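For reference, the structure is listed below as structure tokens.
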Amino acid sequence: MKHFLRMFVQVCLYFYCKCLWRCLKFVVRKLTGRCELQRICYNTKPGAARTMKIEASLKGSKSKRLQTSVSVHPDAIEKTIDDIMELKRINPDINPQLGVSLQACLLQIVGYRNLIAEVEKLRREPYDSENLQHEEMLLKLWKCLKPNSPLKARISKQWCEIGFQGDDPKTDFRGMGLLGLYNLVYFAEWDTEIAQQVLSDSLHPKYSHFSKAEWEKKKFDKAIGYSFAIVGINITDLAYNLLVSGALKTHFYNVAPEAPTLTHFQQTFCYLMHEFHKFWIEEDPLDIMEFNRVREKFHKRILKQLQNPEMALCPHFAASESLINM
């Protein structure tokens, strides 16, 4: 009985708040002469703060046309903007900037949904050793990371030198599919110097970024390394979950002036890989068994940063410099 009453009260509160909110919006529109979309665009600066408010407003609208506007095809966005202006009885000649602002927001909103679909497709595609393109990408990863050490054979213990678990890397891509390989290759190819440094540091963590005096002061003399490639696949999983959960909206809406793309996602992976490497060394784990603890702590740190609507994961290396300038 108590459970029923609790549910009943929650339902009543939901409808009360919903009706109250609609009444409040009606009153504000009458007082200001502007609909909610206009107020958001005129009172909120471009970026995540504006786009996320526009997205919430459209999704929460009682109009099905407005609700579905966040999932239209990119080619239909201009017509969708016209439909919104007509539905809201907004004269585009008097409010020309509104259409431009709404279009920018919808490009980001629709682009984010499409990016999730693209990333999910790569994640679901398994590595196929019979696929020439897959094999070429894998060999490119080796050449970028170990340019002075030729790979003696496709099946080789040498793969352990860049952090794979066995003599055939294909088995390590099962969790993230081709997405893990795409991210590792992007990092190694477009930010080669940093990728090689991170690889070296993962093998010899004691000699990274700190002087001998700093190591002694911080008592890092027993620093533990990690498997570069395996951690890269794991960080891919972290980036994937941030994307699917919507946490990365803050970052992408602040750095991509239009639709976020796979390149934006890969640049974000590079940033996360670089930041996790520094975080691992700072945490100074006792052994590799602490990896999940360190990863979870790092995950919470990134989530906290992304709760700030003005947050952009500002990178510190070449692969992602374009994020700051967009």
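Side chains are part of it too, since the values below use all heavy atoms of this structure and drop only hydrogens, waters and symmetry mates. Throughout, residue positions are numbered sequentially from 1 according to the sequence presented. All values reported here derive from a predicted model rather than from experimental measurement.
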Is [Y] reachable from [X] through a run of I, L, V, M, F, W or Y residues, each pair having side-chain heavy atoms under 4.5 Å apart?
X    : Y    : result
F291 : I230 : no
L303 : I116 : yes
I109 : L87  : yes

Backbone N/O of [Y] and side chain of [X]: donor-acceptor pair under 3.5 Å:
X    : Y    : result
R123 : L179 : no
H251 : L313 : yes
S57  : I54  : no
T236 : G232 : yes
T68  : R65  : yes
E290 : P285 : no
S200 : Q197 : no

Open item on the list: Checking L145 against F228 for the side chain to side chain contact (heavy atoms under 4.5 Å, CB included) test, could you report, in this order, the C-alpha distance in whole Å, the side-chain angles of both residues, the deciding distance, and whether it holds?
Closed with: CA-CA 11 Å; L145 293 175; F228 175 88; 3.7 Å; yes

For residues [X] and [Y], report the shortest heavy-atom separation together with the two atoms involved.
X    : Y    : result
G225 : I288 : O-CD1, 3.6 Å
L102 : C41  : CD2-SG, 4.0 Å
Q108 : A256 : NE2-O, 2.5 Å
S149 : W142 : O-NE1, 2.7 Å
A259 : G111 : CB-CA, 3.7 Å
L272 : A239 : CD1-CB, 3.8 Å

Look up atom [atom1] in [X] and atom [atom2] in [Y], then write down how far apart they are to the nearest 0.5 Å.
X    : Y    : atom1 : atom2 : result
H73  : N114 : NE2   : CG    : 7.5 Å
N43  : K53  : CG    : NZ    : 8.0 Å
I302 : K304 : CD1   : NZ    : 12.5 Å
N148 : Q196 : CG    : CD    : 8.0 Å
M137 : L178 : CE    : CG    : 7.0 Å
Q266 : T261 : CD    : OG1   : 8.5 Å

- [ ] May I ask you to establish whether K297 and F279 are in a cation-pi arrangement, using a distance under 6.0 Å from NZ or CZ to the six-membered ring centre and at most 45° from the ring axis?
- [x] no

Open item on the list: Taking the ring of F164 and the ring of F173, is the distance between their centroids below 6.0 Å?
Closed with: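 Between F164 and F173, which both carry aromatic rings, the centre distance is below 6.0 Å.
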
Task: Aromatic ring proximity Y186/F265, centre distance under 6.0 Å - done: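 Between F265 and Y186, which both carry aromatic rings, the centre distance is not below 6.0 Å.
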
Does some side-chain heavy atom of [Y] sit less than 4.5 Å from a side-chain heavy atom of [X]?
X    : Y    : answer
Q165 : W159 : no
M176 : L122 : no
S101 : Q97  : yes
L248 : T268 : yes
F298 : L238 : yes
L58  : L106 : yes
Q267 : W190 : no
I233 : D237 : no

Task: Pairs touching residues 93-107 that satisfy salt bridge (Lys or Arg N to Asp or Glu O under 4.0 Å), sequence neighbours left out - done: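 Sorted pair list comes back empty.
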
TODO: With sequence neighbours excluded, give me every salt bridge (Lys or Arg N to Asp or Glu O under 4.0 Å) pair touching residues 134-145.
DONE: E135-R154, K140-E189

Open item on the list: Show, in sequence, the C-alpha distance, side-chain angles and deciding distance for Y182 and F269, and conclude whether the side chain to side chain contact (heavy atoms under 4.5 Å, CB included) test is met.
Closed with: CA-CA 10 Å; Y182 267 64; F269 164 78; over 6 Å; no

Open item on the list: Check this for me: does any side-chain nitrogen of one of K59 and E55 sit under 4.0 Å from a carboxylate oxygen of the other?
Closed with: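 Judged by the 4.0 Å cut-off on N to carboxylate O distance, K59 and E55 do form a salt bridge.
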
Task: Flag if over 12 foreign heavy atoms under 6.0 Å of NZ, K170 - done: no

TODO: Look at atom CZ of R124 and say whether more than 12 heavy atoms of other residues, nucleotides or ligands are closer to it than 6.0 Å.
DONE: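 No, not enclosed.
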
Open item on the list: Using the side-chain contact (heavy atoms from CB on, under 4.5 Å) definition, which of the options L184, L151, L181, V185 pairs with L138?
Closed with: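 Among L184, L151, L181, V185, the one that satisfies the side-chain contact (heavy atoms from CB on, under 4.5 Å) with L138 is L181.
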
- [ ] Only one of M52, Q305, Q307, E310 passes side-chain contact (heavy atoms from CB on, under 4.5 Å) with T250; say which it is.
- [x]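 Exactly one candidate clears the test, M52.
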
Considering only distance and modelled atom types, tabulate donor-acceptor pairs under 3.5 Å from the side chains of residues 78-85, sequence neighbours left out.
from: K79; atom 1: NZ; to: D83; atom 2: OD2; distance (Å): 3.2
from: T80; atom 1: OG1; to: A76; atom 2: O; distance (Å): 2.7

TODO: Any chance you could lay out the side chain to side chain contact (heavy atoms under 4.5 Å, CB included) test for L115 and H264, step after step, and finish with the verdict?
DONE: CA-CA 10 Å; L115 177 59; H264 287 107; 5.5 Å; no

- [ ] Please work out which of the three classes, parallel, tilted or perpendicular, describes the rings of H134 and Y127, given edges at 30° and 60°.
- [x] tilted

Donor-acceptor pair between [X] and [Y] side chains, under 3.5 angstrom:
X    : Y    : answer
E296 : N292 : no
N95  : Y42  : yes
Q67  : S61  : no
S156 : D167 : no

Task: Passing candidate, salt bridge (Lys or Arg N to Asp or Glu O under 4.0 Å) with E283, options R293, R295, R301 - done: R293

Task: Audit row: I235, N183, side chain to side chain contact (heavy atoms under 4.5 Å, CB included) steps and yes/no - done: CA-CA 10 Å; I235 296 301; N183 279 350; over 6 Å; no

TODO: I would like to know whether E120 and Y240 meet side chain to side chain donor-acceptor pair (under 3.5 Å); could you show each step before the answer?
DONE: CA-CA 8 Å; E120 182 63 30; Y240 166 78; 2.4 Å; yes

